[in-house]
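Down below is the structure, laid out as structure tokens.
Positions are given from 1 along the sequence. All values derive from a computational prediction rather than experimental measurement. As the structure lists them, so they are numbered: ligands from 1, and atoms in each ligand from 1.
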Amino acid sequence: MPGPGMELIGEEEKRELLEVLEAGYLFRYGSPDNPAFKAKVYKLEQEVARLFGVKYAVAVNSGTSALLVALGGLGIGPGDEVIVPGYTFIASMSSVIYARAIPSLAEVDRTLNLDPQDVRARITSRTKAIMAVHMLGNPARLDELKAIADEHKLLLIEDCAQAFGARYKGRAVGSIGQAGAYSFNIYKTITSGDGGMVVTDDEPTYRRFFAFHDQGHSPLRMGVEIGRRPFIGLDFRLTELSAAVLLAQLRKLDSIRAHLHANKRRFKEAIADLPGLEFREITDPQGECATLLTVFLPSEEIARQVAKALGTKVIADSGWHVYSNMEQILEKRTITPEGCPFTCPYYKGGEVKYWKGMLPQTDALLARAINISIGVSDPGLGSGFGVTMRDGLAEVDAKAAAFRRVAQEYLR
Ligand SMILES: Cc1ncc(COP(=O)(O)O)c(C=O)c1O
């Protein structure tokens with residue numbers, strides 16, 4: 001089973017969905033006078049904004065769309081660089097490329113999120129934004145990244161695709177930068193199969209987000225407007241069907257978090273005394289999602305042996321989320337042969353090069369790291385070993401004991 005929300009699909013989701021299906025109206029816009037219009041997308045946006053303490057939320061059809069809307073809506077485009085971690089899902093980079101800007105790859109540190117020191121070193125006169133990705137449910141070092149962004153007058157965009165519901169020092173992730181983007185695909189905290197959300201506190205930015213996600217239209221239009229569109233948009237709208245499922249899932253968020261935290265605490269305590277074993281640094285232990293428990297082994301060799309014996313992989317070998325395994329990025333495989341945005345005349349940074357080994361700190365950390373699933377079993381994250389959302393403390397104890405047996409053999 002992929003993510004915690006998907007494991008809990010049940011009667012509540014069925015009821016919400018049936019309400020929409022029985023009413024027979026599936027579009028996000030409708031008249032308040034029409035009893036068939038249930039306004040699920042609108043309610044979801046209002047609920048998320050209230051829960052996360054932001055003024056505006058726009059529901060979209062994926063996390064990738066949410067990132068693209070955030071970038072375009074904030075005016076990032078040709079000639080700009082966006083600093084992105086080398087450990088993330090491809091969408092953090094592909095959205096920048098489709099915004100026609102250049103991803104500048106940076107190191108992660110022991111949080112497995114952006115290393116603020118390295119971010120500082122990569123700022124150029126072309127840098128427009130820092131994209132902080134809260135990988136595996138753990139908030140990035142937002143205090144430091146926000147301070148750097150403010151000091152250099154850069155935008156801070158939070159890619160919260162893997163951290164819906166996480167908090168950083170009391171504030172929801174996504175509410176600290178100028179924009180926050182979330183995903184509702186099947187591996188995420190809550191899900192509707194696919195879907196996304198983008199949030200902001202700034203009204204003009206919200207209007208731009210909304211226009212981008214719906215052909216340039218103003219928020220919550222009713223009917224057709226002529227001649228009022230500020231720019232050309234696209235269609236990233238969410239349907240009432242997805243929003244209905246998400247409203248039911250949203251009501252499960254607190255219990256999902258509580259369950260994951262209890263299981264993670266138990267797993268961690270059961271293996272904490274293993275000599276040479278270290279844990280990933282968590283910036284806010286109460287605030288994180290606790291979807292995964294990431295451990296560092298003393299060397300690459302030991303980590304690979306332990307991972308193999310557990311039937312999983314070290315993160316460096318896990319595939320989708322590591323820059324050095326992204327051939328489409330390393331080779332700058334753009335959709336048309338002109339090579340835009342890498343050949344864009346507005347870009348004045350010279351030739352852009354990505355290569356395996358360009359982020360040695362990231363490579364070294366990921367080669368020693370193993371993800372243990374607490375609530376997300378995703379081969380792309382290398383989390384093939386661990387427990388799932390439906391498992392209780394007995395399963396946690398059994399899996400922790402299995403981990404101990406294997407690790408002890410190689411840690412001797
Ligand atoms: C860090 C990160 N950013 C963005 C995305 C894109 O989200 P989606 O799959 O909904 O397009 C994902 C999805 O896995 C992700 O993990």
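Protein heavy atom in closest approach to atom 9 (O) of ligand 1: N185 ND2, 2.9 Å. Protein heavy atom nearest atom 2 (C) of ligand 1, with residue, atom name and distance: A161 CB, 3.4 Å. In terms of protein heavy atoms, atom 11 (O) of ligand 1 is closest to T64 OG1, 2.5 Å. Regarding atom 5 (C) of ligand 1, its nearest protein heavy-atom neighbour is F89 CD2, 3.5 Å.
Within ligand 1, the atoms closer than 4.0 Å to a non-hydrogen atom of S183 are 7 (O), 8 (P), 10 (O), numbered from 1 in the order shown. Listed by number with element, the atoms of ligand 1 under 4.0 Å from a non-hydrogen atom of G63 are 6 (C), 7 (O), 8 (P), 10 (O), 11 (O). Heavy-atom proximity to S62, at under 4.0 Å, picks out these atoms of ligand 1: 10 (O), 11 (O). Atom numbering of ligand 1 starts at 1 in the shown order; those under 4.0 Å from a heavy atom of T88 are 1 (C). Atoms of ligand 1 found under 4.0 Å from any heavy atom of V133, numbered from 1 in the order shown, are 1 (C). Every atom of ligand 1 is numbered from 1 in the order shown, and the set under 4.0 Å from a heavy atom of A91 is 4 (C), 5 (C), 6 (C).
The two atoms that bring L246 and T191 nearest to each other are CD2-C, 3.6 Å, heavy atoms only.
Ion pairing between R207 and E203 holds under the 4.0 Å rule for side-chain N and carboxylate O. At a threshold of 4.0 Å, the pair E11-K14 counts as salt-bridged, since one of the basic side-chain nitrogens sits closer than that to a carboxylate oxygen.
When only interatomic distances are considered, the shortest N/O to N/O separation between Q162 and ligand 1 falls below 3.5 Å. Close N/O approach between D159 and ligand 1 is found [any backbone or side-chain N/O within under 3.5 Å].
Ligand 1 lies less than 4.0 angstrom from a heavy atom belonging to K188.
A donor atom on one side chain and an acceptor atom on the other are not found under 3.5 Å apart for E45 and Y56.
Geometrically, K188 does not engage F164 in a cation-pi contact defined by less than 6.0 Å to the ring centre and at most 45° from the axis.
Aromatic ring pairs are classed by plane angle as parallel below 30°, tilted from 30° to 60° and perpendicular above 60°; the pair F52 and Y182 is tilted. In this pair, F37 and Y25 present their aromatic rings perpendicular. The plane angle is above 60°, beyond the 30 to 60° band.
Considering only residues two or more places apart in sequence or on other chains, Y29 meets the ring-ring contact (aromatic ring centres under 6.0 Å, His included) condition with F27. For Q178, the side-chain contact (heavy atoms from CB on, under 4.5 Å) test picks out L74, L155, L156, with sequence neighbours left out.
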